[in-house]
Amino acid sequence: MTGMSRARVARRIAAGAAYGGGGIGLAGAAAMGLLLAEVQLARRHVGNGTTQHVPNAEGRYGWGSPRSSAGESGGGYDIPGEPPLRLTMLGDSTAAGQGVHRAGQTPGALLASGLAAVAERPVELRNVALPGARSDDLDRQVSLALADSARVPDICVIMIGANDVTHRVPPTRSVRCLSGAVRRLRTAGAEVVVGTCPDLGTIEPVQQPLRWLARRASRQLAAAQTIGVVEQGGRTVSLGDLLGPEFAENPRELFGPDHYHPSAEGYATAAMAVLPTVCAALGLWPEEERPDVTRREGFLPVAKAAAEAASEAGTEVTAAMPTGPRGPWALLKRRRRRRLPVSEPEAATPSG
């Protein structure tokens, strides 16, 4: 599918989500029936021998934190009068960190450690993500995240979409649920970064024609998610890297033992893609005055920016200009990534 046609489909899905339209077929009813059947087989295959256990990474990150119950320690950013930044993870198993054994290998821990290093402040991590969650679970998760009005998160990272594709959730419903979650979080005062639907076309057990169909469905949903999120004041980062080209080229290194969820290296790859946008949302990342044309950055109609981002992992899209004759405009950026520690992020202390 060309970028232009993907942008057109994304606009239709986003419009249907905004105005209550029905589901729009991603690849046609017959094709999606085949997709569902093969995904069910793939899910049964990758599920063998795996566990639903997700390491608990919640706590405070940053040098100077006392030794945690896991025996980790570090040195500190505890600055008098500077409260910790609050980071909350929402979404599915990817946001939760399913597939790794140590808390420090989860994307939440990696992001909290990286954010603490950039901000030179401790970061308090909370994770309300649920393995297996679809976008319609975000309303519940947001309620948990905002339950204490005195402790509203400074930044929320949402990773969602894969289960919507594999369970045939109408994309308009998926985008409507995600947009509503972003709107609630932004209204409460939190910055929001969404890792859009990863490329499901490179999961090891998945065969053709499912690979092509899954890639097409994933990218269409990712583009539509981008439009919905940007219109609500959030930022998106394409997570094609999560299950995309890098994983296809290095499956033994970047997939976990179940060949479906990422390994520690895979989660570090995803965290490196998201961290610069998290920092930028909090005003902690040096911003260039103009987009870098040599990196193909620029101001584009939001649907076109969304389509481009869906095709290239690690691409950020954020609102830029008011609506014009061609609709809302967005800024597309390809931020340079910083290497994150894979083995041991800074210490976490259990939150009290």
Side-chain angles (χ1 to χ4, degrees), residues 42-61 68-72 86-115 123-145 147 153 155-164 166-167 181 193-195 197-198 200 203 239 242-243 247 254-275 278 340-352:
R43 278 213 306 266
R44 282 200 293 271
H45 179 90
V46 300
N48 292 336
T50 64
T51 175
Q52 291 293 320
H53 170 72
V54 176
N56 181 9
E58 291 191 331
R60 184 172 294 192
Y61 289 75
S68 74
S69 58
E72 299 171 344
R86 297 190 183 101
L87 165 65
T88 299
M89 302 291 296
L90 305 91
D92 55 23
S93 58
T94 300
Q98 185 174 354
V100 294
H101 299 294
R102 295 201 299 272
Q105 297 171 329
T106 62
L110 292 165
L111 286 171
S113 175
L115 179 57
V123 172
E124 189 175 283
L125 172 66
R126 189 178 180 204
N127 198 325
V128 298
L130 179 68
R134 299 187 285 273
S135 295
D136 57 9
D137 190 55
L138 287 176
D139 186 61
R140 180 191 66 83
Q141 294 183 26
V142 171
S143 294
L144 290 174
I155 182 82
C156 292
V157 174
I158 304 174
M159 297 180 179
I160 199 80
N163 296 314
D164 294 67
T166 61
H167 287 78
V193 174
V194 175
C197 182
L200 299 179
I203 300 172
L239 285 188
L242 190 60
L243 295 172
F247 280 44
L254 293 176
F255 275 111
D258 61 2
H259 305 288
Y260 185 87
H261 293 100
S263 65
E265 288 286 346
Y267 277 129
T269 298
M272 281 191 295
V274 173
L275 177 62
V278 167
L340 286 179
V342 173
S343 55
E344 297 294 338
E346 299 301 336
T349 59
S351 27

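Closest heavy-atom contact between Cys197 and Ala162: SG-N, 3.9 Å. Between Tyr61 and Ala109, the shortest heavy-atom distance links the atoms OH-CB, 3.3 Å. Scanning all heavy atoms of the two residues, the minimum distance from Ala129 to Ala96 falls at CB-N, 3.7 Å. Residues His101 and Gln105 approach most closely at N-OE1, 3.5 Å, considering heavy atoms. When all heavy atoms of Pro107 and Tyr267 are compared, the pair lying nearest together is CD-CD2, 3.6 Å. Here the shortest heavy-atom pairing between Ala145 and Pro153 reads O-CD, 3.8 Å.
Rounding to the nearest 0.5 angstrom, the gap separating the CG atom in Leu125 from the CZ atom in Arg86 is 13.0 Å. To the nearest 0.5 angstrom, Leu110 atom CG is 9.5 Å from Leu275 atom CG. Interatomic distance, OG1 of Thr166 versus CZ of Arg134, reported as 8.0 Å (0.5 Å rounding). Considering CD1 of Ile160 and CG of Leu239, their distance stands at 11.5 Å, rounded to 0.5 Å. The distance from atom CG of Leu87 to atom CD of Glu124, rounded to the nearest 0.5 Å, is 10.0 Å.
In terms of the side-chain contact (heavy atoms from CB on, under 4.5 Å) criterion, residue partners of Ala181 (sequence neighbours excluded) are, by chain and number, Leu138, Val142.
For the side-chain contact (heavy atoms from CB on, under 4.5 Å) test with Glu58, the passing option among Asn127, Thr88, Thr106 is Asn127; the others fail. The only option from Met159, Arg140, Gln141 that meets the side-chain contact (heavy atoms from CB on, under 4.5 Å) definition with Leu90 turns out to be Gln141.
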